[in-house]
A.B. asks: 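The structure's right below; bear with me while I get my questions together.
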Amino acid sequence: PGSTSPGHGLRALRRTTGGRRGSTGLTGQDANGVPLRRSKRGWMWNQFFLLEEYTGTDMQYVGKLHSDADRGDGSVRYVLTGDGAGTVFKIDEKSGDIHATKRLDREEKAYYILYAKAVNRFTNQALEGQSEFIIKIHDINDNEPKFTKDPYMARVPEMSDIGASVIQVTATDADDATYGNSARVVYSILEGQPYFSVDPETGLIKTALPGMDREVKENYQVVIQAKDMAGQMGGLSGTTTVSITLSDVNDNPPRFTKTLYDFRVPESLEPGSVVGVVRALDADIGENAEMDYRIIGSDGPGVFDIATNRSTQDGVIVLRKPLDFEKKHQFGLRLQVENVHLNPRFFSMGPFRDEASVKITVEDVDEPPVFERPSYIMEVKEDAAKNTVIGAVSASDLDDKRSPIRYTIDWRTDMDRVFNIHSGNGSVYVLRELDREENAWHNISVMATEFNNPQQISRVPVFIRVLDVNDNAPAFAANYETFVCENAKANQVGRIQTIGATDPDEPLAGHRFFFRVAPEAAGKANFSVHDNKDNTAWILTQRNGYNSLQKSVYHVPVVISDGDFPMQSSTNTLTVRVCSCDREGNMKLCNAEALTARAGLSTGALVAILLCVIILLMIVVLFAALRRQRKKEPLIVSKEDVRDNVVSYNDEGGGEEDTQAFDIGTLRNPEAIEESKQRRDILPETFYPPLRRPAPPPTYDNNGDVRDFISQRLQDNDGDPTAPPYDSLATYAYEGNGSVAESLSSLESVTTEGDQDYNYLSEWGPRFKKLADMYGGEDSGGES
């Protein structure tokens, strides 16, 4: 029997026996003497309990509902609603028994909330108010523990101490953790001893063996088991794999692969080139294997250097200075290698460095000759004679073979062949005359070639300075030209007050010029020269008054001498013109040549300007003539442009007049043809009636018929007002009588026997000339 909740008449009857809500009994007294009462726990009236995973054949009984209003007469009907009502749970309407219709899983749903009421079967009136009931599913151990990952990946540094944490694994159990030990998981290690251990409560994996070396073994596979029921027998279990990798630490020093390295290099090896590669090995990996190389000892300081190739961790020996087999055949180096990232924890294991020796042998190479100097400077006077030796160059072969040297000049640097060199001793001598004023310096290149190996060549620049010799006379510094006034006084300075001189020579002490009038003109000179002692001179008048009508131009010979040795002098002519001046000495009027000079134009310049003007006028005239000739278009431009007027006739005779239907001018200017214009080669019928004279009766004399035919045709053309104003070709062919060959326009068809009489030509000659003059006039512009 169950208990009835106050205020409810509907009771839940359980399979287990329950008492009333509770009873109390005396259990003693407390410290104050108050009696203590122990309360007996009562059953909750509205709860049912049901085991999950029921495997019986019948429906599982859950419990019974009973109302106080049920008298057992079948008038009460029990109704169940809520979670799973009618599907998962069914109620007997008469008895109130509740059964589960299927197998339940707590992990799927832990409890169900249902509502029950009792109604009158006949009136359907509620006998009890609706009550809420909870059906809880009791858990059983039907789920094994499951790990959150499989596999786990973990890393732990090598050489770790015992108990170093590696990774924590976690397994979960779907069973009810609040009911029994079904969800209580215990961890254990199945594989991985003796290197690792696991905490049974937390699943934390730790190292169990000291000194695990990655270089010995790097990867470990550990199998962990999780078992419920607190590890007791009958519990369910699950496993996972943990892959543990030992991470590297710098616990190994680098070691050279050799204690002695031997390299051989030619002496011609360029600085910056690789001499050789050394290698050191380190059992560590990554940054723990990074190393640095350095030279700690060398018998050639600064000749070699070493650097680390970061991709291969090799040491690369590099040449820093040129090698010379003749000076040193062999070098010795002492190298050291050391880790970059050091771990103080392992210093006790010893120094993390290593040392090795390197021997570098220099091999001899046949090298070009070597000059004693990088360049040579020589001097020679410009008046030196041919074959004069001006200096010498010297080169030698430093190789062991000591080949003889042959000297030559690179003629590309001495195109004029001014110098030459002795092939045996390197003496440079003059081959041609020199002129310092033309070329003060000569830059040539001398080549030294090994006699035994001509391919070995070296060059050296030679700079030759040509020294000055006083071999040029001074001359006027400019083209001096001045004038003197007619009213000039004696000892008066000319228009150009000073004159100077120039000399291409360059004496060491500088120029010193002396001016004087030439001795041959000193006695009758009209002018004098005053030397100012500063390389200039004045021109002075020697008398009073000059007359331009008597003499308009004076030529004053001036002798200029230099002060060098040997002294050089020259006579220069100064032109002085006589002009009329005002009182202040300003020129007013001078002769034509003086005016030209004054204006800055010489006679030659005026002639050139005049020629240019004439040429321009000729071009203008020629251009006008060409334009005028272009406007006139001749009838026949060339002989090849004559077009024959060929007319075909199917009958005999009577076709001459048809030739006028062809206008040869139309071929000249086709663009001028318009349909609205009249033809120019025939007379329009609307304005001029055709002139047609009856033909005379035929005669049969030798010349009469031809004469009459030509006369008639000539009159027709003379009287034709539409005749073109240009040359035309009129056909006067006459068809004779009795033509056997039926030929057109044959003069010889008149007779078939004897010679033809051409006397009519002499009679009609003047008429032909008149016709030619009329049609070959000025307007035609062409041939008659």
A.B. asks: Would Asp248 and Asn288 count as a side chain to side chain donor-acceptor pair (under 3.5 Å) here? Give the steps.
C.D. replies: CA-CA 8 Å; Asp248 185 62; Asn288 295 320; 2.9 Å; yes
A.B. asks: Is the closest side-chain heavy-atom distance between Asn420 and Val428 below 4.5 Å?
C.D. replies: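 Sidechains of Val428 and Asn420: no contact.
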A.B. asks: Which heavy atom of Ile295 sits nearest to which heavy atom of Asp305, and what is that distance?
C.D. replies: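 Scanning both residues, the minimum pair turns out to be CD1-CA, 3.9 Å.
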A.B. asks: Determine, stepwise, if the pair Phe196 / Tyr220 fulfils ring pair (Phe, Tyr, Trp, His ring centres under 6.0 Å).
C.D. replies: CA-CA 9 Å; Phe196 301 95; Tyr220 295 85; 5.6 Å; yes
A.B. asks: Report the residue from Thr257, Val316, Leu335, Asp314 that forms a side-chain contact (heavy atoms from CB on, under 4.5 Å) with Val278.
C.D. replies: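 Among the candidates, only Leu335 passes.
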A.B. asks: Please confirm whether the backbone N or O of Asp173 pairs with a side-chain atom of Asn143, one donor and one acceptor, at under 3.5 Å?
C.D. replies: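 Pair absent, no side-chain N/O of Asn143 close to backbone of Asp173.
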A.B. asks: Any donor-acceptor pair under 3.5 Å linking the side chain of Gln313 with the backbone of Arg310?
C.D. replies: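 Yes; judged by distance alone, with no hydrogens or angles, the pair exists.
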A.B. asks: Please name the pair of heavy atoms, one in Gly231 and one in Val186, separated by the smallest distance, quoted to 0.1 Å.
C.D. replies: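 Closest pair (atom of Gly231, atom of Val186, distance): N-CG2, 3.9 Å.
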A.B. asks: Between Asp292 and Thr308, which heavy-atom pair has the shortest distance, and what is it?
C.D. replies: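 Heavy-atom minimum between the residues: CA-OG1, 3.7 Å.
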A.B. asks: Decide if the gap between the ring center of His422 and the ring center of Tyr429 is smaller than 6.0 angstrom.
C.D. replies: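 They qualify: ring centres under 6.0 Å apart.
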A.B. asks: Please identify which of these residues, Thr148, Asp150, Thr170, meets the side-chain hydrogen bond (donor to acceptor under 3.5 Å, both in side chains) condition with Thr240.
C.D. replies: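 Single side-chain hydrogen bond (donor to acceptor under 3.5 Å, both in side chains) partner of Thr240 among Thr148, Asp150, Thr170: Asp150.
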A.B. asks: Are side-chain N/O atoms of Asp282 and Asn339 paired as donor and acceptor at under 3.5 Å?
C.D. replies: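 Yes.
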A.B. asks: Applying ring pair (Phe, Tyr, Trp, His ring centres under 6.0 Å), run through Phe89 and Tyr112 and close with a yes or a no.
C.D. replies: CA-CA 10 Å; Phe89 302 100; Tyr112 295 85; 5.1 Å; yes
A.B. asks: Between Arg353 and Gln336, does the side-chain contact (heavy atoms from CB on, under 4.5 Å) criterion hold? Intermediate values first, please.
C.D. replies: CA-CA 7 Å; Arg353 65 179 65 92; Gln336 185 183 82; 3.6 Å; yes
A.B. asks: Return yes when atom CZ of Arg373 has more than 12 non-hydrogen atoms of other residues, nucleotides or ligands closer than 6.0 Å, and no otherwise.
C.D. replies: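 Open.
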A.B. asks: For Glu355, is the CD atom crowded, meaning more than 12 foreign heavy atoms sit under 6.0 Å from it?
C.D. replies: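 Yes - once you tally the heavy atoms of other residues, nucleotides and ligands closer than 6.0 Å, there are more than 12.
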A.B. asks: Should the heavy atoms of other residues, nucleotides or ligands under 6.0 Å from CZ of Phe463 be counted, would the total exceed 12?
C.D. replies: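 More than 12 within 6.0 Å, yes.
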A.B. asks: Can a side-chain donor-acceptor contact be found between His99 and Gln60 if the only test is distance below 3.5 angstrom?
C.D. replies: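 No, no side-chain donor-acceptor pair sits under 3.5 Å.
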A.B. asks: Report the C-alpha distance between Ser403 and Asp397 in whole Å, list the side-chain angles of each, state the deciding distance to 0.1 Å, and finish with yes or no for side chain to side chain donor-acceptor pair (under 3.5 Å).
C.D. replies: CA-CA 6 Å; Ser403 174; Asp397 183 13; 4.7 Å; no
A.B. asks: Work out which heavy atom in Ile205 is nearest to a heavy atom in Ile244; give both atom names and the distance.
C.D. replies: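 The pair with the smallest heavy-atom distance is CG2-CD1, 4.3 Å.
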